[in-house]
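Each residue takes its place number in the sequence, starting with 1.
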Amino acid sequence: MSESQRWADVDDYFTALLVPADDALEAALRDSAAEGLPPISVAPNQGKLLHLLARIQGARHILEIGTLGGYSTIWLGRALPADGRLITLEYDAKHADVARRNLARAGLDGIAEVRTGPALESLPKLADENPEPFDLVFIDADKVNNQRYVEWALRLTTTGSLIIVDNVVRGGAVTDADSTDPGVRGTRAALRLIAEHPRLSGTAVQTVGSKGYDGFALARVVA
């Protein structure tokens, strides 16, 4: 058995044991695939982790940067109270339409709002609305702009808020200081920002599983 197959088998075991089958989530993945969206949604056990983090956080307002088909959005939205609010930003209009349908089927269209366009254009407009601070920000979009997304997350959160940045290991490439890969460079810049910013306390964790070798960074706004 290959190492990657062993990782996938363990994920399958965890998912079968700890993440019950769910029609809306499975339909979201199925419809995303049917519409030709790339198969890069978080794994089910990772989605459950996002859900638990939001619940532990007591989140009432969540910002997601990078929607895809709305799979992770459903996990996060289900962690919110009935009067909670989730705003998710998606560059691709087709992906956003798929996500809206998936969210409506999950009964979250009254809580979750999908905004379309480049996130670096949507974020200033969002800031101009002077929203209540977000309790949790999940960043899972183009990696080249990770540092800028963390900077915006800081502007839109408050002390005690949680910022999660996905896909920070890049198959181990994150350790290459000389990398010319824009995604690696953007991720390294975001990690340096988390390490050096006086308002942030964070760490990063490697993961293996059905999505391969990667990981995430987790930072708390401390001031």
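- For the pair Q57 (side chain) and A59 (backbone), a donor-acceptor distance under 3.5 Å is absent.
- Between D97 and the options R100, R101, K94, a salt bridge (charged side-chain N to carboxylate O under 4.0 Å, His left out) holds for only R100.
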Next on the checklist: Pair D92, L37 - check side chain to side chain contact (heavy atoms under 4.5 Å, CB included), show working.
Outcome noted: CA-CA 10 Å; D92 188 289; L37 275 62; over 6 Å; no

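- Using a 4.5 Å cut-off on side-chain heavy atoms (C-beta onward), V222 and L200 make no contact.
- With hydrogens and angles ignored, the 3.5 Å screen pairs no side-chain donor or acceptor of D142 with any backbone N or O of V144.
- At distances below 3.5 Å, at least one donor-acceptor pair connects side-chain atoms of T67 with backbone N or O atoms of L89.
- Summarising the local packing, CZ of R185 is surrounded by 12 or fewer heavy atoms from other residues, nucleotides or ligands at distances under 6.0 Å.
- The shortest non-hydrogen separation linking N102 to G69 is ND2-O, 2.7 Å.
- Residues Y13 and L18 are members of one and the same hydrophobic cluster, defined by side-chain heavy-atom contacts under 4.5 angstrom among Ile, Leu, Val, Met, Phe, Trp and Tyr.
- In terms of modelled atom types and a separation under 3.5 Å, the side chain of D11 and the main chain of G209 share no donor-acceptor contact.
- We find the CG-OG distance between N45 and S210 to be 6.5 Å, quoted to the nearest 0.5 Å.
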Next on the checklist: Evaluate I139 against I163 for side chain to side chain contact (heavy atoms under 4.5 Å, CB included), listing each step before the verdict.
Outcome noted: CA-CA 8 Å; I139 299 170; I163 300 171; 4.0 Å; yes

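- The two atoms that bring E121 and K125 nearest to each other are O-CG, 3.5 Å, heavy atoms only.
- A donor-acceptor contact shorter than 3.5 Å links the side chain of S161 to the backbone of F134.
- Ionic pairing of D181 and K143 is not present here: no N-O contact between side-chain nitrogen and carboxylate oxygen is shorter than 4.0 angstrom.
- When all heavy atoms are compared, the tightest approach of V114 to A99 is CG2-CB, 4.4 Å.
- In this structure, the side chains of P124 and W152 come closer than 4.5 Å at one or more pairs of heavy atoms.
- Heavy-atom neighbours of D128 CG from other residues, nucleotides or ligands within 6.0 Å: above the threshold of 12.
- The two atoms that bring L50 and I164 nearest to each other are CD2-CD1, 3.9 Å, heavy atoms only.
- Between atom CD of residue Q5 and atom CG of residue D9 there is a gap of 4.5 Å, rounded to the nearest 0.5 Å.
- Atoms NE2 and CD, from H95 and E35 in turn, are 9.5 Å apart once rounded to the nearest 0.5 Å.
- Residues F138 and I65 fail the side-chain proximity criterion, which asks for heavy atoms closer than 4.5 Å.
- Judged by distance alone, with hydrogens and angles left aside, the side-chain atoms of D135 form a donor-acceptor pair with the main-chain N or O of R60 at under 3.5 Å.
- Side-chain contact check for H197 versus L154: some heavy-atom pair is nearer than 4.5 Å.
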Item to check | Evaluation steps, side chain to side chain contact (heavy atoms under 4.5 Å, CB included), between L86 and H61 | outcome: CA-CA 6 Å; L86 189 157; H61 302 93; over 6 Å; no

Checklist entry - Checking side chain to side chain contact (heavy atoms under 4.5 Å, CB included) for the pair N167/D140: CA distance, chi angles, key distance, verdict? => result CA-CA 7 Å; N167 306 128; D140 189 13; 2.9 Å; yes

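- With hydrogens and angles left out, the side-chain atoms of E64 and S72 include a donor and acceptor closer than 3.5 Å.
- Residue L218 holds its CG atom at 6.5 Å from CG of L53, rounded to the nearest 0.5 Å.
- Although no hydrogens or angles enter the test, the distance criterion places a donor-acceptor pair under 3.5 Å between the side chain of D22 and the main chain of L25.
- For the pair F14 and V19, the minimum side-chain heavy-atom distance is 4.5 Å or more.
- Residues L80 and R85 have side chains not in contact (no heavy-atom distance under 4.5 Å, counting atoms from C-beta outward).
- Atom OG of S4 sits about 14.5 Å away from atom OH of Y213, to the nearest 0.5 Å.
- The minimum heavy-atom distance linking A223 with R199 is given by the pair O-NE, 2.6 Å.
- Under the 4.5 Å side-chain heavy-atom criterion for ILVMFWY residues, a single connected hydrophobic cluster contains both L193 and L123.
- Taken together through direct or relayed side-chain contacts under 4.5 Å among Ile, Leu, Val, Met, Phe, Trp and Tyr, L103 and I111 form part of one hydrophobic cluster.
- Side-chain contact between V137 and L162 is absent, with no heavy atoms from C-beta onward closer than 4.5 Å.
- No side-chain donor-acceptor contact under 3.5 Å links T116 and E90.
- Connection of L126 to V221 is established within a shared hydrophobic cluster, with ILVMFWY side chains joined at heavy-atom distances below 4.5 Å, either directly or through further cluster members.
- Using bins of under 30°, 30° to 60° and over 60° for the plane-to-plane angle, the ring pair W75/H51 lands in the perpendicular bin.
- With a 6.0 Å radius and a threshold of 12 heavy atoms from other residues, nucleotides or ligands, E132 has its CD atom at or below the threshold.
- For R6, the CZ atom sits in a loose shell: 12 or fewer heavy atoms of surrounding residues, nucleotides or ligands are nearer than 6.0 Å.
- Smallest separation of non-hydrogen atoms from K211 and A43: CE-N, 3.8 Å.
- Between the T175 side chain and the G172 main chain, a donor and an acceptor come within less than 3.5 Å of each other.
- Under the 4.5 Å side-chain criterion, counting only non-hydrogen atoms from C-beta, T207 is not in contact with V169.
- Ionic pairing of D31 and R105 is present here: one or more N-O contacts between side-chain nitrogen and carboxylate oxygen are shorter than 4.0 angstrom.
- V184 and I194 sit in two unconnected hydrophobic clusters of ILVMFWY residues. Membership requires side-chain heavy atoms under 4.5 Å apart, directly or through other members.
- With hydrogens and angles left out, the side-chain atoms of T187 and N146 include a donor and acceptor closer than 3.5 Å.
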